[in-house]
Amino acid sequence: SKTKFNFMKPTRPTILFALMLILSSCALKPISSEHALLRMEKEDISSESLGKGKVLIYNDANILHTGDNTARLNIVLDDKNLGQLKAKDFVIVKLENGNHVFNIRHLDVVNMRSTHKVVITDTVQIIRVKPTITSNKLEITNEFPNNWDKYGFMSTNN
């Protein structure tokens, strides 16, 4: 008797491979920073140490994005790569007062790109960025996130 092979019946390895492919396809390739990043010991970062051009930017991605690898944000600031902020990453950059343009991108099923025009003044200290279902969000909060102890400096060895 002949054994009949059903091509329509997926096998466990096929399903696992497809699942891995879907999850890994959401991984955004990192970009290296072209900006002079300010390194500070985390204990020295405070409201008093920020402002007057020293701006902390953090990725406040929530569980919806951290679970499927879509939390990574590639940020281009004033046409130069700032780098990739993963969930709970932060970076400190020195910015002149005036107008700046942030181009933020995260990869979900498609590329989610957004452009944000920001006016930097001496009082701007902290900017929160995060992926959303349809785009990306950027807001000047001048406040540390509630779970600041869970945050770390952006990896620069991408």
Side-chain angles (χ1 to χ4, degrees), residues 19-158:
L19 191 59
M20 285 175 50
L21 186 65
I22 289 168
L23 290 177
S24 66
S25 68
C26 290
L28 185 63
K29 300 284 181 265
I31 57 174
S32 297
S33 183
E34 299 172 307
H35 284 270
L37 305 178
L38 302 176
R39 277 281 194 178
M40 295 173 70
E41 293 300 320
K42 195 162 174 196
E43 308 80 56
D44 297 335
I45 300 173
S46 65
S47 296
E48 293 76 35
S49 66
L50 298 171
K52 294 183 180 59
K54 280 190 206 165
V55 180
L56 182 140
I57 302 162
Y58 72 93
N59 182 348
D60 194 30
N62 61 28
I63 194 74
L64 292 174
H65 292 281
T66 55
D68 65 357
N69 218 7
T70 60
R72 298 169 187 215
L73 297 175
N74 280 358
I75 302 175
V76 176
L77 171 58
D78 297 330
D79 297 321
K80 286 171 54 179
N81 291 344
L82 181 62
Q84 184 179 86
L85 283 179
K86 297 177 185 127
K88 307 291 181 259
D89 274 0
F90 71 88
V91 67
I92 302 172
V93 66
K94 184 85 170 134
L95 296 174
E96 298 292 322
N97 282 355
N99 298 319
H100 296 273
V101 177
F102 288 77
N103 288 298
I104 304 175
R105 176 178 163 224
H106 85 270
L107 191 60
D108 210 318
V109 177
V110 296
N111 275 311
M112 300 289 187
R113 298 173 192 267
S114 60
T115 300
H116 309 267
K117 292 180 168 77
V118 177
V119 178
I120 298 296
T121 64
D122 283 346
T123 59
V124 174
Q125 299 173 319
I126 302 173
I127 294 177
R128 174 182 144 196
V129 294
K130 66 184 280 184
T132 66
I133 289 181
T134 56
S135 185
N136 302 293
K137 185 174 186 175
L138 179 148
E139 64 181 329
I140 297 169
T141 63
N142 287 341
E143 292 179 3
F144 291 97
N146 293 335
N147 51 350
W148 174 240
D149 59 312
K150 304 263 190 285
Y151 282 74
F153 201 84
M154 174 183 77
S155 172
T156 52
N157 55 357
N158 291 329

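Other residues, nucleotides and ligands contribute only 12 or fewer heavy atoms inside 6.0 Å of the CG atom of Asn146. Within 6.0 Å of CG on Asn111 lie more than 12 heavy atoms contributed by other residues, nucleotides or ligands. Around the NZ atom of Lys52, the shell of radius 6.0 Å holds no more than 12 heavy atoms that belong to other residues, nucleotides or ligands.
In this structure the side chain of Thr141 never reaches within 4.5 angstrom of the side chain of Asp60, judged on heavy atoms. Between Val76 and Phe102, every side-chain heavy-atom pair lies at or beyond the 4.5 Å cut-off. Side chains of Ile31 and Leu82 form no contact here, defined as non-hydrogen atoms less than 4.5 Å apart. Looking at Val101 and Asn99, their side chains never come closer than 4.5 Å, going by heavy atoms from C-beta outward. Side-chain atoms of Ser49 and Met40, non-hydrogen and from C-beta on, do get closer than 4.5 Å to each other. Considering only heavy atoms from C-beta on, Ser32 stays 4.5 Å or farther from Asn81 through its side chain. You'll find the side chain of Ile57 stays beyond 4.5 Å of the side chain of Met154, heavy atoms only.
For Glu139 (side chain) and Arg128 (main-chain N/O), no donor-acceptor pair under 3.5 Å exists by modelled atom type. Between the Lys42 side chain and the Tyr151 main chain, a donor and an acceptor come within less than 3.5 Å of each other. Side chain of Glu34 to backbone of Lys80: no donor-acceptor contact under 3.5 angstrom is found. Although no hydrogens or angles enter the test, the distance criterion places no donor-acceptor pair under 3.5 Å between the side chain of Asn136 and the main chain of Val129. Side-chain atoms of His100 never come within 3.5 Å of backbone atoms of Asp78 as a donor-acceptor pair (strictly under, hydrogens ignored). Checked by atom type and distance alone, the side chain of Asn142 pairs as donor or acceptor with a backbone atom of Ile126 at under 3.5 Å.
The side-chain hydrogen bond (donor to acceptor under 3.5 Å, both in side chains) test with Asn74 is passed by exactly one of His106, Arg113, Lys29, Gln84: Gln84. Screening His116, Met112, Lys130 for a side chain to side chain contact (heavy atoms under 4.5 Å, CB included) involving Ile104 leaves a single residue, His116.
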Stepwise side-chain hydrogen bond (donor to acceptor under 3.5 Å, both in side chains) check, Ser46 with Glu48: CA-CA 5 Å; Ser46 65; Glu48 293 76 35; 3.2 Å; yes

Trp148 and Tyr58: CA distance, side-chain angles, deciding distance, ring pair (Phe, Tyr, Trp, His ring centres under 6.0 Å) verdict: CA-CA 10 Å; Trp148 174 240; Tyr58 72 93; 7.2 Å; no

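Within the model, atoms NZ of Lys137 and OG1 of Thr132 stand 8.5 Å from one another, a figure rounded to the nearest 0.5 Å. Atom CD1 of Ile92 and atom NE2 of His35 lie 15.0 Å apart (nearest 0.5 Å).
With hydrogens and angles left out, the side-chain atoms of Thr115 and Asn103 include a donor and acceptor closer than 3.5 Å.
In plain terms, the two heavy atoms of Ala71 and Pro131 that are nearest each other are CA-CG, 4.1 Å. Nearest heavy-atom pair, Val55 versus Ile120, reported as atom, atom and distance to 0.1 Å: CG2-CD1, 4.3 Å.
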